[in-house]
**Student:** 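Sharing a structure below in structure tokens format, with a few things to ask.
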Amino acid sequence: MSTAPEPVAGARTSLAGMLVLPATILVAIGLIGPVAILFRYSLNQFIPGQFMVDGLTLENYVKFFTDAYYLNVLLRTVRVAVICTLACLIMGFPLAYVLARTQSRFKNLLVMLVVLPLFVGNAVRAAGWMTAFGNKGAFNASLIGLGLINQPIEIMFTENAVLIGIVAVNLPFMVLTLQSVIEGIDRNVEEAAFSLGAGPAAMFRRVLWPLALPGILAGTILTFILAMNAYATPVLLGGPKFQMMGPLVYGQFAQQNNWPFGGAISFILMTATLLLTLAANLIVQRRYR
């Protein structure tokens, strides 16, 4: 038997590696470089009036983990991100399934309706929610006009407003990710489950969910990362008293001019996001292996 194709395949692999190498180096420099600089800044000292003093100290990290205020901000950020991710998954899966299985000629239009909110910036969408949630906004005005309430419901500058705003921002990402994976699942598998006596709930639990797990993981990771690093929505809908990690980082850099502590908070946020994402990924994969 001839072994000639093996050198050809090896040459193609080497050529592909050489073509990918420049882009890999560029991405590594653009990603790892700023992170390394940020980590180095976080080890410096901050002295008012001197901006930043070179040093190798962990006092910025100690300050964060020994102050209850900053720990509460981190826990609040994680809680909001988890709730928003679960809400996007619960609401996005049925919609993604319908989009993936529909045979209507209007399918492209339906997909465009899902994508359409992404054409508008987060700040603009948050401003729209502000007009809806205000004491004289559309929501309260409608309830008062229907006689359901006498006083406006306080929605603005609460955690609920932030949750609604972040879910609205992240939901299209979840839907599009799930739709692409569900479309790749052969519908005959579902029909086979029904023919063997499985009900809709059993088919979903035993067939559809495990097969769609790669999309579920990708969608939840994406929405969780976006929620953890949200900035415009917490600032506009949560107000100055509702702090999350994103606005806290901005405040240290732009308002307090405390770059070492801002770098420490940024690195803590990035590390927490990566660790929680990795842990959830491992747990889910082990559960459905």
Side-chain angles (χ1 to χ4, degrees), residues 78-120 125 129 132-133 139 142-143 146 148 155 159-228 230 233 273 276-289:
V78 174
R79 182 179 68 247
V80 169
V82 170
I83 294 174
C84 290
T85 301
L86 293 176
C88 288
L89 179 60
I90 293 172
M91 292 188 293
F93 199 100
L95 179 56
Y97 183 81
V98 171
L99 289 177
R101 295 304 188 212
T102 184
Q103 301 295 327
S104 173
R105 59 178 179 175
F106 299 108
K107 180 177 181 178
N108 292 335
L109 178 60
L110 296 176
V111 174
M112 284 300 301
L113 291 177
V114 174
V115 178
L116 191 61
L118 301 179
F119 294 169
V120 182
R125 277 182 281 181
W129 286 114
F133 290 155
F139 181 76
S142 299
L143 294 180
L146 294 173
L148 299 178
I155 304 177
E159 183 172 322
N160 290 331
V162 176
L163 289 172
I164 294 173
I166 295 179
V167 168
V169 170
N170 294 348
L171 186 58
F173 296 102
M174 177 68 77
V175 172
L176 294 175
T177 304
L178 290 174
Q179 180 209 352
S180 62
V181 173
I182 295 174
E183 283 183 341
I185 300 175
D186 192 347
R187 192 162 188 173
N188 292 330
V189 178
E190 301 175 24
E191 295 177 354
F194 288 131
S195 66
L196 293 174
M203 186 279 295
F204 172 79
R205 186 180 68 256
R206 303 289 296 274
V207 178
L208 184 60
W209 180 271
L211 292 177
L213 193 59
I216 294 171
L217 287 175
T220 52
I221 289 173
L222 178 61
T223 53
F224 180 77
I225 292 174
L226 291 174
M228 282 286 290
T233 303
T273 303
L276 290 172
T277 300
L278 180 61
N281 191 4
L282 292 176
I283 291 173
V284 173
Q285 286 186 348
R286 181 175 299 177
R287 171 65 179 80
Y288 286 96
R289 181 172 298 171

**Student:** What is the distance from atom CG of L89 to atom SG of C84, rounded to the nearest 0.5 Å?
**Tutor:** 13.0 Å
**Student:** Any idea which heavy atoms bring V111 and L99 closest together, and the distance?
**Tutor:** N-CD2, 4.3 Å
**Student:** How close do A212 and I185 get, heavy atom to heavy atom, and via which atoms?
**Tutor:** N-CD1, 3.8 Å
**Student:** Which of these passes side-chain contact (heavy atoms from CB on, under 4.5 Å) with V80: I166, V167, T233?
**Tutor:** I166
**Student:** Where is the tightest heavy-atom contact between L208 and E190, given as atom of each residue plus distance?
**Tutor:** CD1-OE2, 3.9 Å
**Student:** Rounded at 0.5 Å granularity, tell me how far CG in N108 sits from CG in L113.
**Tutor:** 11.0 Å
**Student:** For A100 versus I182, what's the shortest heavy-atom pair and its separation?
**Tutor:** CB-CG2, 3.6 Å
**Student:** Could you walk me through whether F106 and M112 pass the side chain to side chain contact (heavy atoms under 4.5 Å, CB included) check?
**Tutor:** CA-CA 10 Å; F106 299 108; M112 284 300 301; over 6 Å; no
**Student:** How long is the gap from CG on L178 to CD on E183, to the nearest 0.5 Å?
**Tutor:** 11.5 Å
**Student:** Would you give the length of the straight line joining atom CG of N160 to atom CD1 of I83, rounded to the nearest 0.5 angstrom?
**Tutor:** 9.0 Å
**Student:** Looking at every non-hydrogen atom in both residues, tell me the closest pair between P210 and R205 and how far apart they are.
**Tutor:** CD-O, 3.4 Å
**Student:** Kindly compute the distance separating CZ (R105) from CG (L110), expressed to the nearest 0.5 Å.
**Tutor:** 12.0 Å
**Student:** Run the side chain to side chain contact (heavy atoms under 4.5 Å, CB included) check on M228 and V78 step by step: do they pass?
**Tutor:** CA-CA 7 Å; M228 282 286 290; V78 174; 4.1 Å; yes
**Student:** Give a yes or no on whether R206 atom CZ has more than 12 heavy-atom contacts from other residues, nucleotides or ligands under 6.0 Å away.
**Tutor:** no
**Student:** Nearest 0.5 Å please: distance from the CG atom of L282 over to the CG atom of L278.
**Tutor:** 4.5 Å
**Student:** For the aromatic rings, using the six-membered ring if either is Trp, is the centroid distance between Y97 and F204 under 6.0 Å?
**Tutor:** no
**Student:** Given side chains that start at C-beta, do those of L226 and V169 come closer than 4.5 Å, heavy atoms only?
**Tutor:** no
**Student:** Compare every heavy atom of T273 with every heavy atom of F224, then report the nearest pair and how far apart it is.
**Tutor:** CE2-O, 4.1 Å
